[in-house]
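All heavy atoms count here, side chains included; hydrogens, waters and symmetry mates do not.
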Amino acid sequence: MSKKIDIFVDRTQMLLSNARNHPGIRQQLNAFGFTPARYQEVDALVEEVTGAVRAQEDAYSLSRTVSNQLKEDTRAAQANYRELREVVRFAFRGDEATLRYLKLDESRKTTIAGWHLQAQAFLDRLSGHLGPLKKYGITAERVAEVQAMVQAVVEGRYQWQQRKADAQQATRQRDEALRALEIWVSGFRKIAGVALKDN
């Protein structure tokens, strides 16, 4: 839990422990409606907050894990794609029509979405021009391997977006649970102030 939430939950539990365990305070608060059933309400809220905090922390942890994997997959796919492009460009260095067909006359895209589309188009078109590339070690298997790497980046991006959305939703749920607990505790403090004003 964040330090602020830790402190709030800890102080809430201490406040409630005093209200439940001190006979005089318990009796006075009971007269104002703070019965065992009301304390069960707040126990459920505390449990909801701690569960929501854990869920939020887990969601962000998973999002970071997926993000780190995506970065690694992206670096590997881009490096392999770049290497393949350079070898193909060299192999077809005098064949302007093939270079144009393979889109090797275009500059590399800098956005991940643009790179993905450019890489897929290049790899799809390359499949029909593998004959002259065998002497450079470029085979259908190698092209398929790079295609799989590019596709892994695409799928990783979708997965990362979903994990990011899950983490944001978990944060909203944590904040809602925390707000409900804050409202309950605020009301309790006000009533306790009235009930215990003579003490």
Side-chain angles (χ1 to χ4, degrees), residues 1-7 9 48-179:
M1 280 193 270
S2 76
K3 189 174 181 179
K4 183 180 174 184
I5 296 172
D6 281 345
I7 292 169
V9 169
E48 188 176 338
V49 167
T50 56
V53 166
R54 278 191 303 274
Q56 188 253 2
E57 289 170 347
D58 291 348
Y60 270 97
S61 176
L62 183 56
S63 178
R64 280 189 299 275
T65 299
V66 170
S67 175
N68 291 338
Q69 184 63 52
L70 176 59
K71 287 175 188 172
E72 287 178 30
D73 290 349
T74 301
R75 275 193 291 272
Q78 287 179 334
N80 279 275
Y81 167 69
R82 192 171 31 252
E83 177 184 286
L84 201 57
R85 263 181 72 102
E86 294 306 316
V87 171
V88 170
R89 182 177 277 137
F90 176 78
F92 291 111
R93 64 190 171 277
D95 186 348
E96 292 299 318
T98 301
L99 291 173
R100 235 183 343 274
Y101 174 75
L102 295 173
K103 306 266 187 202
L104 290 174
D105 58 333
E106 298 176 0
S107 59
R108 281 191 312 215
K109 303 294 183 182
T110 56
T111 66
I112 195 71
W115 169 81
H116 160 249
L117 293 173
Q118 188 178 43
Q120 279 187 326
F122 167 72
L123 294 166
D124 288 346
R125 290 172 180 227
L126 186 59
S127 298
H129 290 79
L130 292 176
L133 298 173
K134 286 185 182 173
K135 65 182 174 185
Y136 298 103
I138 298 176
T139 63
E141 292 80 18
R142 177 69 178 128
V143 172
E145 178 185 352
V146 177
Q147 282 176 317
M149 295 172 103
V150 170
Q151 189 58 36
V153 171
V154 172
E155 291 169 9
R157 286 184 71 223
Y158 294 138
Q159 187 180 37
W160 174 69
Q161 288 292 336
Q162 182 59 51
R163 296 298 167 248
K164 187 172 141 185
D166 292 347
Q168 291 168 342
Q169 178 62 26
T171 299
R172 283 190 291 278
Q173 290 171 339
R174 181 210 58 195
D175 292 347
E176 288 171 11
L178 186 59
R179 184 69 188 130

Taking all non-hydrogen atoms of both residues into account, name the closest pair between [X] and [Y] and its distance.
X	Y	value
Leu130	Thr139	CD1-C, 4.1 Å
Val49	Ala177	CG2-O, 3.3 Å
Gln56	Ala167	CG-O, 4.5 Å
Arg85	Lys103	NH1-O, 4.1 Å
Gly156	Val66	O-CG1, 4.3 Å
Val153	Leu70	O-CD1, 3.6 Å

Sidechain N-carboxylate O distance under 4.0 Å for [X], [Y]:
X	Y	value
Lys3	Asp6	no
Glu83	Arg142	yes
Glu176	Arg179	no

Legend entry - Leu104 side chain near Phe92 side chain, heavy-atom distance below 4.5 Å: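 No; the side chains remain at least 4.5 Å from each other.
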
Distance-only donor-acceptor check, side chains [X] and [Y], under 3.5 Å:
X	Y	result
Gln69	Asp73	yes
Arg64	Tyr60	no
Asp166	Gln162	yes

Quick check for you: to the nearest 0.5 Å, what is the distance between [X] atom [atom1] and [Y] atom [atom2]?
X	Y	atom1	atom2	result
Thr171	Leu178	OG1	CG	12.0 Å
Trp115	Thr74	CH2	OG1	6.5 Å
His116	Arg157	NE2	CZ	8.5 Å
Gln147	Tyr81	CD	OH	12.0 Å
Trp160	Lys71	CH2	NZ	8.5 Å
Asp95	His129	CG	NE2	7.5 Å

Is the side chain of [X] donor-acceptor paired with the backbone N or O of [Y] at a distance under 3.5 Å, no angle test?
X	Y	answer
Ser63	Ala59	no
Gln118	Lys109	yes
Arg93	Phe90	yes

Inset, instruction - Given side chain to side chain contact (heavy atoms under 4.5 Å, CB included), test Gln159 with Leu62 step by step and report yes or no. - result: CA-CA 11 Å; Gln159 187 180 37; Leu62 183 56; over 6 Å; no

Inset, instruction - Assess whether side chain to side chain contact (heavy atoms under 4.5 Å, CB included) is satisfied between Leu126 and Leu133, documenting all intermediate values. - result: CA-CA 10 Å; Leu126 186 59; Leu133 298 173; 3.4 Å; yes

Inset, instruction - May I have all residue pairs that pass salt bridge (charged side-chain N to carboxylate O under 4.0 Å, His left out) and include part of residues 125-141, sequence neighbours excluded? - result: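 Sorted pair list comes back empty.
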
